[in-house]
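Have a look at the structure below, then the notes.
Keep in mind that the numbers below use all heavy atoms, side chains included, and drop hydrogens, waters and symmetry copies.
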Amino acid sequence: MKIKIIDKNTEYMINLEPVTQLCGISFEKKHFIIKSLCKYFSSSKYEQYENNMFENIRINGEKTGRKYFSVLHISSREQLIQALNISKSSMAAQYLSCIYTKFSCQNIIEQIRENLDKLYLKINEEIQNNIGCIEIGHDTKNILEIIQSSNIFGINGNTLESLSNMELLLVYINLLKEIQKNLHIKH
């Protein structure tokens, strides 16, 4: 697939492949190309100073919608580690959400709910005996939030930072592949 990125009077043509590497020594050109792609295929508004990037992308010679692609941009080891950690909108959270809804997990989740209910009964019994007419409760949908509040570690409990760049990159690519697979199954 050929992508044209326009910068005023200059056009950059890129053959987009599953993995595309931008080589060369002109960091300004590479920065403009990457920033243009990231900005165009995001939902963020263009700032005044970004007018030269407004609608400057053509795919196979045609204008396309801004949601045609999703762009994931990692420019450092720290960003890679951050992308692998769990946060509300992270890829890891997306993947955990997919796993959570699989049928094979539902029996375990039901057991957790039952045990959580037993725990709350015991706690509330203690509260009512010692304090009076109050109790605590929980929302059953919060189990996914509990799972998503977990931490991600390397094998044997090592930190993600202890993994090599190659290991981090492979985990990232595998995670992305699994999310894509799950999205494909849903549609």
Side-chain angles (χ1 to χ4, degrees), residues 1-5 14-23 30-31 33-46 53 55-60 62-113 116 139-187:
M1 173 182 306
K2 292 195 180 288
I3 293 187
K4 183 191 308 182
I5 297 103
I14 296 175
N15 285 325
L16 189 64
E17 300 293 332
V19 174
T20 302
Q21 181 177 358
L22 297 178
C23 298
K30 287 194 283 188
H31 179 72
I33 290 168
I34 291 169
K35 190 166 181 179
S36 290
L37 290 169
C38 290
K39 189 67 170 190
Y40 187 80
F41 293 113
S42 75
S43 58
S44 64
K45 290 177 66 174
Y46 285 94
M53 285 189 261
E55 294 188 358
N56 69 332
I57 305 286
R58 304 288 182 275
I59 298 178
N60 295 330
E62 304 281 324
K63 276 188 180 181
T64 59
R66 291 185 70 190
K67 296 192 180 207
Y68 189 77
F69 283 119
S70 293
V71 174
L72 303 171
H73 179 237
I74 303 290
S75 63
S76 68
R77 177 182 169 82
E78 290 74 25
Q79 282 184 342
L80 187 56
I81 291 169
Q82 185 179 11
L84 293 175
N85 278 314
I86 301 172
S87 67
K88 277 192 171 188
S89 60
S90 71
M91 289 178 18
Q94 281 182 314
Y95 181 63
L96 289 173
S97 186
C98 291
I99 293 172
Y100 176 79
T101 58
K102 284 186 177 179
F103 180 74
S104 59
C105 295
Q106 292 306 313
N107 291 336
I108 296 169
I109 291 167
E110 195 54 44
Q111 290 173 357
I112 292 170
R113 283 191 181 126
L116 202 52
D139 190 352
T140 56
K141 67 181 177 188
N142 286 343
I143 292 177
L144 179 58
E145 290 176 20
I146 292 169
I147 292 169
Q148 289 179 336
S149 69
S150 304
N151 295 315
I152 293 184
F153 298 98
I155 301 297
N156 298 324
N158 295 328
T159 63
L160 284 179
E161 291 80 4
S162 68
L163 297 176
S164 71
N165 289 344
M166 182 59 80
E167 290 170 323
L168 289 170
L169 192 56
L170 286 174
V171 168
Y172 182 82
I173 290 170
N174 289 335
L175 180 59
L176 184 58
K177 183 174 71 174
E178 288 300 311
I179 290 169
Q180 291 297 313
K181 214 185 323 180
N182 285 317
L183 287 175
H184 180 70
I185 290 170
K186 286 183 182 180
H187 298 317

Side chain Asn182, main chain Ile179, donor-acceptor under 3.5 Å: no
Residues Asn60 and Lys2: side-chain donor-acceptor under 3.5 angstrom: no
Partner residues of Leu96 under the side chain to side chain contact (heavy atoms under 4.5 Å, CB included) criterion, sequence neighbours left out: Ile86, Ile147
Results of salt bridge (charged side-chain N to carboxylate O under 4.0 Å, His left out) for Lys4 - residues two or more places apart only: Glu11
Residue list, salt bridge (charged side-chain N to carboxylate O under 4.0 Å, His left out) with Glu178, at least two apart or on another chain: Lys181
Lys39 versus Ser44, closest heavy-atom pair with distance: NZ-OG, 3.2 Å
Stepwise side-chain contact (heavy atoms from CB on, under 4.5 Å) test for Leu37 and Ile3: CA-CA 10 Å; Leu37 290 169; Ile3 293 187; 4.2 Å; yes
Shortest non-hydrogen separation from Ile14 to Leu22 and the atoms involved: CD1-CD2, 3.9 Å
By ring pair (Phe, Tyr, Trp, His ring centres under 6.0 Å) - contacts of Tyr46 (at least two apart): Phe54
Nearest-0.5 Å distance that lies between atom CG in Leu170 and atom CG in Asn165: 11.0 Å
Aromatic plane relationship, Tyr68 with Phe41 - under 30° parallel, 30 to 60° tilted, over 60° perpendicular: tilted
Residues that Phe153 engages under ring pair (Phe, Tyr, Trp, His ring centres under 6.0 Å), provided they are two or more places apart: none
Closest contact, heavy atoms only, Asn158 versus Ile155: ND2-O, 3.2 Å
Any residue meeting side chain to side chain contact (heavy atoms under 4.5 Å, CB included) with Asn174, in chain and number order, not counting sequence neighbours: Lys177
Any pair counted as salt bridge (charged side-chain N to carboxylate O under 4.0 Å, His left out), so long as it reaches residues 62-73, sequence neighbours left out: Glu55-Lys63
Non-neighbouring partners of Asn156 that pass side-chain hydrogen bond (donor to acceptor under 3.5 Å, both in side chains), sequence neighbours left out: none
Ser70: side chain to side chain contact (heavy atoms under 4.5 Å, CB included) partners, not counting sequence neighbours: none
For the student: nearest non-hydrogen atoms of Ala83 and Tyr172, plus distance: CB-CE1, 3.8 Å
Heavy-atom pair of closest approach, residues Leu176 and Leu72: CD1-CD1, 3.4 Å
Atom NE2 of His73 with >12 non-hydrogen neighbours under 6.0 angstrom: yes
Any Ile57 side-chain heavy atom under 4.5 Å of Ser36 side chain: yes
Ile5 CD1 to Ile59 CD1 distance, which is reported to the nearest 0.5 Å: 9.5 Å
Test item: Gln79 side-chain N/O and Ser75 main-chain N/O as donor-acceptor pair under 3.5 Å: yes
Ring pair (Phe, Tyr, Trp, His ring centres under 6.0 Å) involving Tyr40 - partner list, sequence neighbours excluded: none
Residues, nucleotides or ligands: over 12 heavy atoms within 6.0 Å of Gln82 CD: no
Pairing residues for Lys35 by the salt bridge (charged side-chain N to carboxylate O under 4.0 Å, His left out) criterion, not counting sequence neighbours: Glu50
Leu160 side chain reached by Val171 side chain, heavy atoms, under 4.5 Å: no
Atom pair OG1/CD1 of Thr159 and Ile152 - distance to nearest 0.5 Å: 12.5 Å
Minimal non-hydrogen separation, Arg77 against Leu163, with atom names: NH2-O, 2.8 Å
Pairing residues for Gln111 by the side chain to side chain contact (heavy atoms under 4.5 Å, CB included) criterion, not counting sequence neighbours: none
